[in-house]
Amino acid sequence: MHNDHSAPAAPSDNEYRQQRIANLRELEQRGYRGFGAAFERTGSLAELRAGFAEGRLVRAAGRVVARRDMGKSAFLHLHDAGGRMQVYLQKNVLGDAAYEAFRFVDLGDHIGVEGECFTTRTGEPTIRAKNWTLLGKALRNLPEKWHGLHDVETRYRQRYLDLIANAEVCALFRKRTQIIREIRDFLAARGFQEVETPMMQPLAGGAAARPFETFYNALNAPMYLRIAPELYLKRLLVGGFDRVFELNRNFRNEGLDRSHNPEFTMLEIYEAFGDVRTMKALIETLIVHVARKVNGGLTAGSPERPIDLTPPWREAAYAELIRETAGADWDALALAPARERARSLGLDIPAEWDKAAITHEIYEKLVEKSLRHPTFVTRLPAHLIPLAKACEDDPSVVDVFELVIDGREIAPAYSELNDPLEQRRRLEAQAGGDPAKVDEDFLLALEHGMPPAGGMGVGIDRLVMLLTGAESIRDVILFPQMKGKAG
RNA sequence: GGGCCGGUAGCUCAGCAGGUAGAGCAUGUGACUUUUAAUCACAGGGUCGCGGGUUCGAAUCCCGCCCGGCUCACCA
């Protein structure tokens, strides 16, 4: 029992909190409301700065993040999500009572001010406050103004502090929002209909992963959080929706690391009468479009590791990439020399592995990681992917691609299997003889006829990592999963 | 799960051949009506992640645990 499931501890107390509560009481006695009502602003701080005009009367609100007190006058910096503005307080302008009361405002408090715009002799656009009002008292100290908040654990656990202290984090999450909006607009403009399918499912299908389990009392039945929306989206293809997509959360009861969070955002797209080639054209156009919109160009990744998204992207067969890494004679090698070849490439190969397993180890450990710029890997071995159609010229490989960028799988796409009899054989094999694990409701839908279709999944968090240069999935999820804190 | 690194004031960090815990910012008091990392003077502030052990004495050494980061492995 490592995790602490008890109720969170009461907030810790300290001298700063006591001091701030005392200041709050002091302000209340002077007629201020500690936690004020709505405050009509002329604009956000960024808008006020953009529309700055000497002598203009404005109303501004924000968090006090810096304060330079000089006796009978003081400078403040107000801060909001998009910008910053300097405010000048003068005793003879505000009057004695309002000026004195301001002594009890702390860094971190939200205030509103009204006053005229002017420029200081150092050239800083500034509001000369005629009056001020308290909008929300802060009872806790903020991270330090200069060094900011570095502690990674605090940044994730108390993201609001990260957003206050680190402007680039704010900018990254704005970009994430923009990316998702561009994707929706792009797909809508091409006739794709956004749909919502169940997140709570009686069987967790459409992928191979451990699901989170819960219990629905009214039905007296177990339920699972979805690991993929795929089987419901295919039911919609049967129903005649010919272009659908869903952009929402999946849940997988697996480990946590730099590229895995138990809940993550997935885009799944299905196009009736298409196949893997229509998906290829779609994803290339989509990512190029989004990169141009949010990055202003086709360079992605981090400055240390730039990625060139200029189309057309490379397309290469799985076997071809293996030969590039393992030798042109790889296909002809017998098991023993193949094992020796793989070991000579630095891989740890157990003696009992067959050649297909060794080949895939080379792909995962050497080939995939070396594919920095976008590459469509096609014609994967059929045994790896049970839900795709076989290639017509070679039944040992399937008609799919995996889009790999910066060594990470960004989007797999298939020519979807629409043969209900074949689908039943594969699902029954996957269920390992347990009929309760076969999604009969899905098979019933398929038996009513699903058109041929191209389908694709796009890991949105990983796409955001690519377009922002983030190195951890935790940097692109506002509230990433963390272990419970004990001790 | 293995290895390595880390957790000290609200924040950023020093201190670790064992000898009563430090700095900067922030906070408090005082001075200052164009500052912007404001400046000047003085002051307060700590369960050194948690629990054991060794020792006259532990932030420091040893053991266990918690949390985080990197990395390898595993799973998909």
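Each chain gets a letter, A, B and so on, in the order the sequences are listed, and its residues count up from 1.
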In short, salt bridge (Lys or Arg N to Asp or Glu O under 4.0 Å) pairs touching residues 82-95 of chain A with sequence neighbours left out are Arg84(A)-Glu124(A), Lys91(A)-Glu100(A)

Please give the nucleotide sitting opposite [N] as a Watson-Crick or G-U wobble pair, both distances under 3.5 Å, or none.
N: G51(B); value: C63(B)
N: G1(B); value: C72(B)
N: G24(B); value: C11(B)
N: U29(B); value: A41(B)

Residue set satisfying side chain to side chain contact (heavy atoms under 4.5 Å, CB included) with Lys145(A), at least two apart, ordered chain then number -> none

Hits for side chain to side chain contact (heavy atoms under 4.5 Å, CB included) against Ala356(A), two or more places apart or cross-chain, chain-then-number order -> Asp354(A), His383(A)

If I pick the C1' atom on G52(B) and the same atom on G68(B), what distance separates them, to the nearest angstrom? 23 Å

Euclidean distance for C1', A73(B) against C65(B) (whole angstrom): 23 Å

Answer yes or no: is there a donor N or O on one side and an acceptor on the other, between the side chain of [X] and the main chain of [Y], under 3.5 Å?
X: Thr468(A); Y: Val464(A); answer: yes
X: Gln90(A); Y: Lys72(A); answer: no
X: Asn261(A); Y: Phe264(A); answer: no
X: Arg372(A); Y: Pro306(A); answer: yes

Reading nucleotides 70-76 of chain B from 5' to 3' and marking B where a protein heavy atom lies under 4.0 Å of the base, S where only the sugar-phosphate is that close, and - otherwise, the string is SS--SBB

Nucleotides 13-16 of chain B: which of its N/O atoms have a protein N/O under 3.5 Å away?
{"from": "C13(B)", "atom 1": "OP1", "to": "His150(A)", "atom 2": "ND1", "distance (Å)": "3.2"}

At less than 4.0 Å, is any side-chain N or O atom of [X] found next to OP1 or OP2 of [N]? Yes or no.
X: Arg157(A); N: G68(B); value: yes
X: Arg68(A); N: A38(B); value: yes
X: Lys483(A); N: C67(B); value: yes

side-chain contact (heavy atoms from CB on, under 4.5 Å) with Arg63(A): of Asp109(A), Leu142(A), Leu78(A), Asp80(A), only one passes, and it is Leu142(A)

Check the pair Arg176(A) / Thr265(A) against side-chain contact (heavy atoms from CB on, under 4.5 Å), numbers first and verdict last. CA-CA 12 Å; Arg176(A) 179 181 172 120; Thr265(A) 302; 3.3 Å; yes

Below 3.5 Å is the cut-off: list the nitrogen or oxygen pairs between protein and nucleotides 25-28 of chain B, distance only.
{"from": "C25(B)", "atom 1": "O2'", "to": "Glu144(A)", "atom 2": "OE2", "distance (Å)": "3.1"}
{"from": "A26(B)", "atom 1": "OP1", "to": "Lys145(A)", "atom 2": "NZ", "distance (Å)": "3.0"}

_On the side chain of Gln86(A), is there an atom forming a donor-acceptor pair with the base of U35(B) - under 3.5 Å, no angle test?_
yes

Expected label for A31(B) (glycosidic angle, syn inside 90° of 0, else anti) would be anti

